[in-house]
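Start at 1 and go down the list; that is how both ligands and their atoms are numbered. None of the values given here were measured: they were computed from a predicted structure.
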Amino acid sequence: MEIRISDAPEKGSVAVAAFEKGELSDAGKSIDKAAGGALSKAIEAGRFKGGAGETLVIAAPAGVEGDRVVIFGVGKKSPDGNALEQAGAGLVKALLTSGEKALHAHLEGIADAQGASRFGLGACLAAYRFDKYRTKLSDDKKPSLETVSISTDDNKAAEKAWSHGQAVADGVYIARDLVNEAPNYLRPPQYADAVQNISEFGVKVEILGEEDMRNLGMHSLLGVGQGSTAESKIAIMKWEGGKDGEAPLCFVGKGVTFDTGGISLKPGLGMDEMKGDMGGSAAVVGLMATLAKRKAKVNAVGLVGLVENMPDGDAQRPGDIVYSMSGQTIEILNTDAEGRLVLADVLWYAQQRFDPKFMIDLATLTGAILISLGHEHAGIFSNNDELSDNLTKAGLATDEKVWRLPIGPEYDRQIDSPVADMKNIGEGRFAGSITAAQFLQRFVNDKPWVHIDIAGTGMWSGSKDPRLPTFGTGYGVRLLDRFVADNYEK
Ligand code: BES
Ligand code: MN
Ligand code: ZN
């Protein structure tokens with residue numbers, strides 16, 4: 001589906017806004033007049049309240065050209081970006097498979113350029129589908145909507161804002177496709193190839209294989225992939241849009257393409273969801289694509305650790321002790337606490353090689369974060385208040401919300417081991433997300449750092465938000481794009 005900023009309405013349906021209590025916008029009022037009051041009559045007769053995301057579809061009222069008039073709610077008189085996203089998303093949801101091909105939305109007097117871009121982004125987020133393996137989808141179930149055109153008070157400015165919005169939508173689609181992909185088709189080598197594809201947008205991509213990693217001493221990461229017949233990889237993405245020689249922003253992602261738990265095998269029920277255990281890495285890949293597509297004026301590097309955690313005759317055992325690249329030794333007490341083992345080496349490598357301004361890692365790291373925060377907030381853990389505050393703000397601005405949880409020496413103590421420098425799980429089940437973060441921090445050398453646990457937000461099949469599809473949400477791309485734009489490009 002394509003978004004177009006244009007004065008000339010497409011042939012098809014026309015969409016006008018309404019506010020709380022079903023009050024029509026100016027564009028709505030003038031169409032209502034031409035239609036002999038059909039719109040206000042429909043509002044009165046039904047339960048449409050004008051909330052953001054609500055829609056009311058009226059088929060071809062006499063006096064108005066086109067197939068349908070759609071009234072979409074935006075809530076308050078000056079809706080914020082999230083309300084506009086929801087409005088765009090609700091509108092697309094209403095017409096996506098209706099048979100309609102084109103739609104024109106009037107945003108005059110409703111949204112400025114930024115707002116129009118958010119509306120378009122919401123429309124794209126709602127249009128997302130993962131249908132590539134559905135060979136028998138009947139024609140009347142396929143999406144029909146091809147174009148959403150938008151008009152505003154200043155289309156030139158809206159056009160410019162939308163070029164950013166489009167890049168974000170593209171990055172989110174990339175992330176969602178990766179998360180939703182079947183794990184038999186997205187093992188580490190195929191994933192590395194998929195990352196290579198974003199070089200098309202100007203990102204420099206480099207791949208490390210197992211031999212490279214052995215030479216670097218990355219036995220923490222390598223141990224996780226040891227039971228898999230697929231070769232572990234690290235993909236490194238560089239976007240150089242900032243000043244020459246300026247320290248890069250650094251994003252690190254957990255890319256466990258499938259997490260069986262290894263020898264500490266997970267229970268069978270719901271294990272299929274562990275195809276999404278690479279959601280952190282998908283967000284990093286999507287973000288790098290977005291930054292490149294919109295030619296962000298920053299230097300950024302993305303690093304993703306790609307492994308498959310399988311049980312096997314050669315798999316890592318509970319009780320094994322491994323040497324991480326940092327030189328620190330790790331006693332593996334649970335092979336299912338594998339994400340931290342992957343990130344330990346990637347974080348260390350990123351720091352050594354790039355000396356970045358900061359590091360932000362994203363990972364579907366712990367089931368415990370679902371117990372704490374559900375699907376509504378990601379958990380953040382950090383040694384830096386400014387980064388944490390700025391991420392919290394970006395979260396509120398994009399509705400990809402984060403909530404900071406504590407770290408500290410009293411938790412860190414829990415991962416001390418009697419036989420190695422540390423063990424890979426805490427004492428008992430309590431504070432599981434925090435002890436995981438403590439583990440990561442042992443591989444961060446006083447660099448400003450934030451860990452984002454997205455086990456709850458990265459995959460979600462039951463959201464009521466029209467912007468979110470089932471399963472892969474693409475969480476993190478919108479959050480971090482905003483975080484970068486607001487703090488490093490001004
Ligand atoms: N990938 C899982 C975490 C996860 C759980 C993500 C549910 C999404 C939904 C991670 O590798 C894991 O297995 N963590 C263990 C850690 C434990 C063994 C200390 C967990 O959370 O149970
Ligand atoms: Mn695991
Ligand atoms: Zn995992």
Side-chain angles (χ1 to χ4, degrees), residues 179-180 183 186-188 191 220-221 223-228 232 252-283 304-311 315-320 330-344 346 361-379 381 405 411 414-415 417 422-440 451-462 470-473 475-476:
V179 174
N180 291 329
L186 196 78
R187 301 180 79 202
Y191 196 161
S220 180
L221 184 154
V224 177
Q226 197 175 297
S228 171
S232 300
V252 170
K254 168 179 174 181
V256 175
T257 62
F258 195 75
D259 181 13
T260 64
I263 297 300
S264 313
L265 194 64
K266 285 185 182 294
L269 192 72
M271 202 203 274
D272 56 289
E273 294 196 350
M274 286 302 115
K275 73 173 187 175
D277 207 17
M278 29 57 68
S281 63
V304 293
L306 310 177
V307 303
E308 188 180 49
N309 188 19
M310 298 292 265
Q316 165 158 277
R317 292 151 290 261
D320 282 3
I330 305 161
E331 182 189 17
I332 312 294
L333 287 184
N334 190 320
T335 64
D336 197 12
E338 84 297 341
R340 63 197 74 181
L341 297 170
V342 172
L343 291 174
V346 183
D361 76 75
L362 297 101
T364 49
L365 205 64
T366 66
I369 205 68
L370 275 143
I371 307 294
S372 307
L373 301 173
H375 295 285
E376 315 288 351
H377 286 82
F381 306 81
L405 291 164
Y411 295 105
Q414 282 198 42
I415 57 169
S417 157
M422 69 194 89
K423 56 190 184 189
N424 77 331
I425 54 173
E427 305 280 349
R429 299 161 45 234
F430 296 148
S433 305
I434 301 176
T435 49
Q438 294 298 161
F439 184 95
L440 298 181
H451 157 56
I452 313 183
D453 193 334
I454 64 163
T457 52
M459 10 177 176
W460 187 2
S461 294
T470 50
F471 205 65
T473 58
Y475 180 95

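Considering backbone and side-chain atoms together, Asp259 places an N or O closer than 3.5 Å to an N or O of ligand 1. Inclusion of Thr366 in the set of residues having an N or O under 3.5 Å from an N or O of ligand 1 is not warranted.
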Check against side chain to side chain contact (heavy atoms under 4.5 Å, CB included), Phe439 and Leu343: CA-CA 10 Å; Phe439 184 95; Leu343 291 174; over 6 Å; no

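Note on Glu338: its N/O/S atom closest to the Mn ion (ligand 2) is OE1.
The heavy atom nearest to atom 8 (C) of ligand 1, considering only Met274, Arg340, Lys266, is found in Met274. Comparing Gly432, Ala337, Gly262, Ser433 by heavy-atom distance to atom 17 (C) of ligand 1, the nearest is Ala337.
Of the protein's non-hydrogen atoms, the one nearest atom 21 (O) of ligand 1 is Gly367 N, 2.7 Å. The shortest contact between atom 10 (C) of ligand 1 and any protein heavy atom is with Leu365 O, 3.3 Å. Closest protein heavy atom to atom 15 (C) of ligand 1: Asp336 O, 4.0 Å.
A donor-acceptor pair under 3.5 Å links the side-chain atoms of Thr335 to the main chain of Ile263, judged by distance alone.
Against a heavy-atom cut-off of under 4.0 Å, Glu338 is close to the following atoms of ligand 1: 11 (O). Shown in contact with Asn334 at under 4.0 Å from a heavy atom are these atoms of ligand 1, numbered in order with element: 18 (C).
Distance check for Asp336 against the Zn ion (ligand 3): none of its N/O/S atoms falls below 2.8 Å. Residue contact annotation: Lys254 places an N/O/S atom under 2.8 Å from the Zn ion (ligand 3).
Not a single heavy atom of Met278 sits under 4.0 Å from any atom of ligand 1. Put simply, part of Met459 is less than 4.0 Å from ligand 1, judged by heavy atoms.
Rounding to 10 degrees, one finds that the Mn ion (ligand 2) sits at the corner of an angle of 170° between Asp259 OD2 and Asp336 O.
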